[in-house]
Amino acid sequence: MSDSPLAQTVAALQPRARTELAELVAFKSVADPAQFPKSECEAAANWIVDTLRADGFQDVALLDTPDGTQSVYGILPGPADAPTVLLYAHYDVQPPLDEAAWDSPPFELTERDGRWYGRGAADCKGGLIMHLTALRALKEHGGIPVNVKVIVEGSEEQGTGGLERYAEAHPELLTADAIVIGDTGNFRAGLPTVTATLRGMTLLRVQVDTLAGNLHSGQFGGAAPDALAALIRILDSLRAEDGSTTVTGLAADATWDGLQYPEDDFRQDAKVLDGVGLLGTGTVADRIWARPAVTVLGIDCPPVVGATPSVQAGARALVSLRVPPGTDAAEATKLLTAHLESAAPWGARVAVEQVGQGQAFRADTSSPAYTSMAAALRDAYAGEEMQTSGMGGSIPLCNTLARLYPDAEILLIGLSEPEARIHAVNESVCPRELERMSLATANFLRSYGS
């Protein structure tokens with residue numbers, strides 16, 4: 001890492017970064033009132049409002065978005081003739097899953113083995129702290145050379161599109177020359193990486209019904225159509241024998257030409273158990289960055305404990321489909337819906353409801369902003385050259401911003417390297433990555449402003 005005065009200031013700001021990240025992680029800001037009180041998200045949003053105002057931001061506002069959540073907005077003016085950079089993060093988080101499986105409380109930032117553990121530490125509350133640390137460091141070294149807008153979303157993880165719809169209704173709000181999305185991460189810790197592509201996604205809830213009510217499995221089993229068994233058959237049809245995604249009509253043979261992901265490294269990063277094979281064919285990069293991938297996120301059916309000997313009358317599942325750039329998410333939704341309906345056995349009744357959707361994204365890595373970011377990362381990572389990778393996840397807002405502001409340069413960086421285990425139990429952030437990426441962001445803003 002550089003030993004410049006700016007780097008030294010970023011390092012000196014790390015205790016503050018940790019304190020604030022701990023405060024932000026403490027909010028159980030899952031944007032689903034069925035799981036956590038809405039007040040948790042509101043409290044997190046108000047914490048961000050207070051922090052931006054204390055840091056000198058102007059026009060700080062809570063934006064009530066159409067999905068019932070709130071995003072936080074603010075402006076930090078720079079020189080009048082300077083370009084404008086929009087910095088993005090989100091404060092909502094994934095649910096903690098099984099809290100008992102965490103090695104420390106999920107909403108209590110805990111240091112262990114050189115990492116900071118807590119839900120949202122990397123995805124993406126740490127991204128906001130990264131932005132703030134960069135701005136604070138620049139203030140101590142001649143000021144901020146660009147006009148800065150900050151937008152912190154409140155429902156990114158739910159995919160309900162609140163901020164996208166708000167931006168479409170208020171297109172002047174987020175106009176910028178460059179947009180830095182702080183919600184991806186390095187290919188691995190210590191290897192500076194920008195994300196060139198994001199898969200889009202569609203999220204569907206499928207309900208299967210076969211009977212007016214549950215029946216005794218001894219009296220009726222063997223002839224009565226079992227809704228849970230029908231659902232299992234439908235879900236199984238979404239994968240080929242080798243585990244490849246097989247949605248009728250959806251292409252699944254694209255290849256990835258950039259940075260590759262060695263299979264042994266992937267197995268280690270994904271913590272694949274010994275003897276268990278990977279899904280699909282082609283390179284790992286093909287499978288996770290260039291091809292569609294279906295995942296069954298949850299099933300509503302009786303739990304094992306307390307189950308009765310019954311033929312189930314109804315069952316439902318939540319199905320996610322990630323789609324690569326070049327595939328329209330709306331068309332993929334139609335294909336997946338048709339597949340689910342047509343795969344139903346025994347005449348079972350199938351109802352499909354769309355829960356969320358977002359388009360895939362491809363960045364223009366030849367733009368001047370990427371040249372500035374390459375130099376910024378090289379300095380922050382002691383001479384390591386910037387790499388370009390894909391990302392299997394989705395950030396639906398990216399396409400909305402690209403459509404609204406076609407001249408804006410969009411860069412994707414962040415803290416979610418493989419060890420961060422985002423969306424899983426024991427999510428964490430590497431404090432060294434937070435420090436280096438904060439410096440890289442500061443370097444970029446300084447370079448871009450000049």
Without swapping roles, check the side chain of Thr197 against the backbone of Gly390 for a donor-acceptor pair under 3.5 Å. no
Under the side-chain contact (heavy atoms from CB on, under 4.5 Å) rule, collect the residues that match up with Thr333, sequence neighbours excluded. Thr202, Leu204, Thr337, Gln354, Gln357
I'd like to know if the side chain of Arg287 and the backbone of Leu279 have a donor-acceptor N/O pair within less than 3.5 Å. yes
Just by distance, no angles: are the side chains of Gln94 and Glu157 close enough, under 3.5 Å, to form a donor-acceptor pair? yes
For Val425, what residues pass the side-chain contact (heavy atoms from CB on, under 4.5 Å) criterion, not counting sequence neighbours? Leu97, Ala101, Trp102
Will you find, in the side chains of Tyr381 and Asn186, an N or O donor that is under 3.5 Å from an N or O acceptor? yes
Who passes salt bridge (charged side-chain N to carboxylate O under 4.0 Å, His left out) against Arg421, sequence neighbours left out? none
Taking atom types as modelled, is there a side-chain donor on Ser104 or Arg112 under 3.5 Å from an acceptor on the other? yes
Chi angles and distances behind the salt bridge (Lys or Arg N to Asp or Glu O under 4.0 Å) call for Arg16, Glu20: CA-CA 6 Å; Arg16 180 178 181 181; Glu20 290 186 333; 3.5 Å; yes
Tyr405 OH to Glu172 CD distance, which is reported to the nearest 0.5 Å: 7.5 Å
Please report the interatomic distance CG(Leu191) to CD(Glu433), rounded to the nearest 0.5 Å. 9.0 Å
With Leu321, the side chain to side chain contact (heavy atoms under 4.5 Å, CB included) member among Thr295, Leu335, Leu250, Thr327: Leu250
If a pair satisfies ring-ring contact (aromatic ring centres under 6.0 Å, His included) and one of its residues is in residues 422-443, list it, with sequence neighbours excluded. none
Contacts of type ring-ring contact (aromatic ring centres under 6.0 Å, His included), residue Tyr370, not counting sequence neighbours: none
According to ring-ring contact (aromatic ring centres under 6.0 Å, His included), who are the partners of Tyr117, at least two apart in sequence or on a separate chain? none
Is it true that the side chains of Glu156 and His90 contain a donor and an acceptor less than 3.5 Å apart? yes
Residue pair Asp364 / Ser367, side-chain donor-acceptor N/O under 3.5 Å: no
If we count only N and O atoms by modelled type, under 3.5 Å, do the side chains of Asp92 and Gln158 hold a donor and an acceptor together? no
Do Arg199 and Trp289 form a cation-pi contact, if we require the NZ or CZ to be under 6.0 Å from the six-membered ring centre and within 45 degrees of the ring's axis? no
Could you tell me whether the side chain of Lys38 and the main chain of Thr69 form a donor-acceptor pair under 3.5 Å? no
Taking Arg378 first and then Glu385, would you say they form a salt bridge - that is, a charged N and a carboxylate O separated by under 4.0 Å? yes
Can you check whether Glu42's main-chain N or O pairs, donor with acceptor, with Asn46's side chain at less than 3.5 Å? yes
Donor-acceptor pair between His339 and Ser237 side chains, under 3.5 angstrom: yes
Donor-acceptor check, side chain of Thr133 to backbone of Ile129, threshold 3.5 angstrom: yes or no? yes
Applied to residues 234-252, the salt bridge (charged side-chain N to carboxylate O under 4.0 Å, His left out) test, sequence neighbours excluded, yields none
Applying side-chain contact (heavy atoms from CB on, under 4.5 Å), can you list everything that pairs with Ala45, at least two apart in sequence or on another chain? Leu62, Gln70, Val72, Tyr91
Leu128 side, atom CG; Leu87 side, atom CG - distance, nearest 0.5 Å: 9.5 Å
Cut-off 3.5 Å, side chains only: do Asp67 and Ser155 have a donor facing an acceptor? yes
Going by atom types only, do Ser394 and Arg322 share a side-chain donor-acceptor pair under 3.5 Å? yes
Could you grab the distance from atom CG of Leu174 to atom OH of Tyr73, nearest 0.5 Å is fine? 6.5 Å
Who are the ring-ring contact (aromatic ring centres under 6.0 Å, His included) partners of Phe444, not counting sequence neighbours? Tyr448
Hydrogens and angles aside, do Asp32 and Gln35 bring a side-chain donor and acceptor to less than 3.5 Å of each other? yes
Could you check whether any side-chain N or O of Ser244 sits under 3.5 Å from a backbone N or O of Ala240, counting only pairs where one atom can act as donor and the other as acceptor? no
Sequence neighbours excluded - salt bridge (charged side-chain N to carboxylate O under 4.0 Å, His left out) pairs with any residue from residues 113-122: Arg115-Glu417, Arg115-Glu419, Arg119-Glu427
If you round to the nearest 0.5 Å, how far is CG of Asp55 from NE2 of His131? 13.5 Å
Those residues at least two apart in sequence (or on a different chain) that pass ring-ring contact (aromatic ring centres under 6.0 Å, His included) with His170 are Tyr166
Whether Asp183 side chain and Ile413 backbone form a donor-acceptor pair below 3.5 Å: no
Can you list everything that forms a side chain to side chain donor-acceptor pair (under 3.5 Å) with Thr195? Sequence neighbours excluded, please. Thr184
Within this structure, what is the CD-CG distance for the pair Glu164 and Leu401, rounded to the nearest 0.5 Å? 8.5 Å
